[in-house]
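These notes concern the structure reproduced below.
Order of listing sets the numbers, starting from 1, for every ligand and every atom in it. Since the structure is predicted, the reported quantities are computational estimates derived from the model, not experimental observations.
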Amino acid sequence: MITYADRMKNVSGEALNDILKYSSDPSIISFSLGSPAKEVYPIEKIKEIMSTVMEKDAIRILSYGMSEGYMPLREAFLNHIAIPKGIKADIENILITTGATQGIELISQTFINPGDVVLVESPSFLTSLQVFLKYGATLVGVNMDTDGIMCEDLECKIKKYNPKMLYTIPTFQNPSGKTLPSHRRKKIAELADKYDLLVVEDDPYCDLRYTGDVVPPIKSFDETGNVILANSFSKILAPGLRVGTITATKEIITALVLAKGGADTNTTIMSQAICAEFLNQGLLPDHLKEMVPVYLERLNAMLDALDRYFPKECKYTIPQGGLFVWIEVPESINTRELLFIAANEHKVSYVPGYPFFINPKDGDHSLRLNFSSNTPEKIYEGVKRLGDLLHSIING
Ligand SMILES: Cc1ncc(COP(=O)(O)O)c(C=O)c1O
């Protein structure tokens with residue numbers, strides 16, 4: 001009889017299957033996926049860039065590459081993204097990964113032994129939780145207030161559990177949309193040093209800011225090398241390219257490169273070359289300028305629709321950027337059970353709260369809505385459908 005590895009026993013695909021199923025059904029207005037707006041993909045620019053890079057570097061693009069990444073992209077990321085954000089780094093501190101997802105996977109493979117405690121925000125990104133569980137981590141939640149992680153609770157949990165690492169999404173958090181203020185970021189870097197804690201800062205949304213002031217990454221406060229930063233081109237360029245980056249000490253990068261060698265040897269070089277050329281041609285700032293008003297309009301449409309159509313008993317976050325609004329509904333409503341009715345009978349979908357929590361029951365009365373991938377008209381219509389359904393349950 002075929003037997004499966006024990007490590008897969010903790011991994012569940014239910015939530016992801018629902019997300020993909022309902023997002024691929026054109027009859028459903030889906031607020032499930034965390035995708036950028038298709039309308040703002042820079043398709044023509046990428047077509048041009050593909051032929052430019054083939055002219056310049058066809059042999060390298062079609063060959064195996066270094067596991068560390070395509071040198072022009074490591075340099076471009078360093079100069080156009082990392083250094084301007086106040087990060088002290090050099091080429092040897094940059095690793096290119098196949099999306100931030102692979103970065104999280106390689107970090108987990110490299111650092112987590114079964115039973116190690118990993119602190120996570122509560123709620124946190126469902127895919128990362130699944131990866132940590134796959135490597136046998138014991139997950140412990142850290143409390144958040146409206147601004148994200150509460151540093152007092154973090155320090156308490158560090159003392160109590162002696163964790164291996166903290167995993168945090170400090171900017172426009174997935175799923176809550178919350179952003180950690182600068183002084184708490186600094187404090188986290190200090191706690192990492194004080195308690196010799198590894199901090200994994202997953203920051204794919206930091207450049208998708210629509211209102212408020214820019215906040216520096218935790219990594220920019222890191223004096224000791226305890227912070228590993230994961231970034232991604234998925235939300236600022238296109239998720240299909242599957243390009244992410246890790247910024248960390250040389251020693252950590254060397255360890256992660258070993259893990260990457262066995263995972264996929266190298267991230268697809270054409271994708272890396274596209275990202276490099278996009279940065280080197282100076283196209284990112286204008287691309288962001290084009291995206292921000294589109295997303296802001298969609299966020300405003302969603303907030304206005306929630307105000308108009310959702311029962312007053314529901315509470316929601318007002319993010320300054322990113323892709324998600326997080327909603328808490330009354331305890332009489334189970335969002336996991338409601339999804340089936342919402343999607344099949346009312347043709348609208350969302351992600352229920354349960355997969356974002358260590359204890360799924362903690363998410364029974366919450367849900368995540370994505371606002372980036374539908375037009376304002378669709379957003380109004382979808383939120384109205386969901387609001388009507390919630391009203392009908394609350395009013396019996
Ligand atoms: C917090 C967070 N980390 C990582 C990812 C995955 O990014 P990538 O497409 O670069 O693998 C996502 C995507 O939704 C995310 O929300």
* Kindly write out the residues that satisfy ring pair (Phe, Tyr, Trp, His ring centres under 6.0 Å) with Phe371, not counting sequence neighbours, or none if the list is empty. => none

* Asked: Got a sec: does the NZ of Lys85 have more than 12 other heavy atoms crowding it under 6.0 Å?
  -> yes

* Asked: In chain order, what residues pass the salt bridge (Lys or Arg N to Asp or Glu O under 4.0 Å) check against Glu190, with sequence neighbours excluded?
  -> Lys186

* Asked: Contact residues of ligand 1 with a heavy-atom cut-off of under 4.0 Å?
  -> Gly99, Ala100, Thr101, Phe125, Ile169, Asn174, Asp202, Pro204, Tyr205, Ser232, Ser234, Lys235, Arg242

* To do: Let me see the working for Met144 and Ser176 under side-chain contact (heavy atoms from CB on, under 4.5 Å), right down to the final yes or no.
  => CA-CA 10 Å; Met144 295 201 280; Ser176 72; 4.1 Å; yes

* **Members sharing Ile87's hydrophobic cluster (side chains within less than 4.5 Å)** => Leu229

* Asked: Taking the six-membered ring for Trp, are Phe132 and Tyr167 parallel (under 30°), tilted (30 to 60°) or perpendicular (over 60°)?
  -> perpendicular

